[in-house]
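Reviewing the structure listed below.
By convention here, the first residue in the shown sequence is residue 1.
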Amino acid sequence: MTATSLPALSAAFLMSMYFRSYFGVVGPALTAELGLSPQQYGWLASAFFASFSILQIPVGMSFDRWGVRFPMAAMMACGAAGAALIALTPGYQAAIMGQILIGFGCAPIFMGVLFYVGRTNSPAKAGRLAATVSGIGSMGALISASPLSWFVEVFGWRSACWAAASAMAASAIAVCVALGKTPSAASEAPAAEHRRSIVPLLYLVPICMTLSLGGTFRNAWAAPYVTSVFGTHTAIGEILTAISIVGIVTSVVLPAVLARVEGRRIVIFAYVAGVICAVMLSAGPDGSFPAACAGLSLLYAMGNVHPLIMTEAQARIPSHMRGIALGVLNTLVFLGVSVASVVFGQIAGLSLAPTTTYRLIFAATGLALAIALLSYVIVPRSDRTPRAHTDNSRQDAATRANSATGSD
């Protein structure tokens, strides 16, 4: 890591977090001006996430082949073009293509951060750096809320898209200029490592599937929950803002905690807290409004352990398969969100009383989190984390490779 690579990665992740939620502000104004139907609005909103998730494994394969710098910068440039296309869009077809291109541009960013810091640093330092980038980048979600609403109201949604396109293009240039060469897998790994498999990573599958359960509530189910249980007069905007702020604060604090507490202990603590919150909300979904808000906030903040899980996975992944393995794990995170939304929707469709509905939804959440926690804890520590001297020797090899060879 250089003095310029960390800011460049942080700025890139900020743009990714911005684009993940910007359409909630820009979309309604775009839909009104272009006269789109609610169905078209739904397809526009989902196009970003569809292209984002589909590309995770191909992006990982490109990192294995060419390193991080050029694939990430090129795809981010496509994302900038997508934002510009939306700013110019005359209708639905161009807008959905723009959304797809934005998803294309954001797809390599988080995995690129993990891949780059994992290849150029020891596992412990990589975890702290990834958490730092995540904490800084999470401000993008805040920028796409009230500040973006003000900007759209004053300057219009097309100007907002032009500004985002310019910022994305500048970030792509920064990544291309600031990032160094990524050590190649061939130079980093001894021949014996090519015989390793990714089977030891199976214990992380339940964790990855449940990493964004709290995000599912933040993005879709928090509003119907509080309005149906506590009344339609509830201030949804303020609640969602508070949940986001809790997520950002915990993300910013995480690197400092990592300097004193082992990453896996933080993951275990986060999941224990999540299970407790889900159980309490299931026991009394209509008990206390402040308690409900606090529980939703903590469930959302659980997602901040994502970099820690991926850093742990990198220590177990064969070097020549690191990119594709990270792509598979990240795909599972999105798959978990989809599965959770379907399950919650099926429960809500039973036409039960609101309190009973959300009692079941939170019970399902607690059960899923408990299963993930159990799978994580029962794996012996010696099987989960490579020995220190192995990490050091691998890092030494990566350092030598960084000065001699590179993929990009």
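The main-chain N or O of Gln40 is found under 3.5 Å from a side-chain atom of Ser37 such that the two form a donor-acceptor pair. Using a distance-only test at 3.5 Å, with no hydrogens or angles considered, no donor-acceptor pair links the side chain of Ser16 to the main chain of Ala12. A side-chain donor-acceptor contact under 3.5 Å links Gln56 to the backbone of Ala107. Within the 3.5 Å criterion, the main-chain N or O of Ala130 finds no donor-acceptor partner in the side chain of Ser134. No donor-acceptor pair closer than 3.5 Å links the side chain of Ser282 to the backbone N or O of Ala278. A distance-only check finds no donor-acceptor pair linking the side chain of Ser251 to the backbone of Gly247 [under 3.5 Å].
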Pairs of donor and acceptor atoms involving the side chains of residues 77-85, under 3.5 Å and at least two apart or interchain, shall be tabulated with distances.
none

Distance-only donor-acceptor pairs under 3.5 Å for side chains of residues 155-170, two or more places apart:
residue: Trp157; atom: NE1; partner: Glu33; partner atom: OE1; Å: 2.8
residue: Arg158; atom: NE; partner: Glu33; partner atom: OE2; Å: 3.2
residue: Arg158; atom: NH1; partner: Ala87; partner atom: O; Å: 2.8
residue: Arg158; atom: NH1; partner: Thr89; partner atom: O; Å: 3.1
residue: Arg158; atom: NH2; partner: Glu33; partner atom: OE2; Å: 3.1
residue: Arg158; atom: NH2; partner: Thr89; partner atom: O; Å: 3.0
residue: Ser159; atom: OG; partner: Phe155; partner atom: O; Å: 3.1
residue: Ser166; atom: OG; partner: Trp162; partner atom: O; Å: 3.0

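In this view, Phe13 and Phe110 satisfy the ring pair (Phe, Tyr, Trp, His ring centres under 6.0 Å) rule, not counting sequence neighbours. For Phe19, the ring pair (Phe, Tyr, Trp, His ring centres under 6.0 Å) criterion is met by Tyr22, not counting sequence neighbours. Val279 meets the side-chain contact (heavy atoms from CB on, under 4.5 Å) test with Val275; sequence neighbours excluded.
Screening residues 348-367 for side-chain hydrogen bond (donor to acceptor under 3.5 Å, both in side chains) gives no qualifying pairs among residues at least two apart or on separate chains.
In this structure, Ser171 and Met76 approach most closely via the heavy-atom pair OG-CE, 3.2 Å. When all heavy atoms are compared, the tightest approach of Leu281 to Leu296 is CD1-N, 4.3 Å. Closest approach of Leu329 to Ala313, counting heavy atoms only: CD1-CB, 3.6 Å.
Leu211 contributes atom CG, which lies 4.0 Å from atom OH of Tyr271 (distance to the nearest 0.5 angstrom).
In this structure, Val26 and Val152 have side chains that are in contact, with non-hydrogen atoms separated by less than 4.5 Å. Within the 4.5 Å cutoff, the side chain of Leu299 has heavy atoms near those of the Leu369 side chain.
Aromatic ring orientation, Phe115 versus Phe63: tilted (interplanar angle from 30° to 60°).
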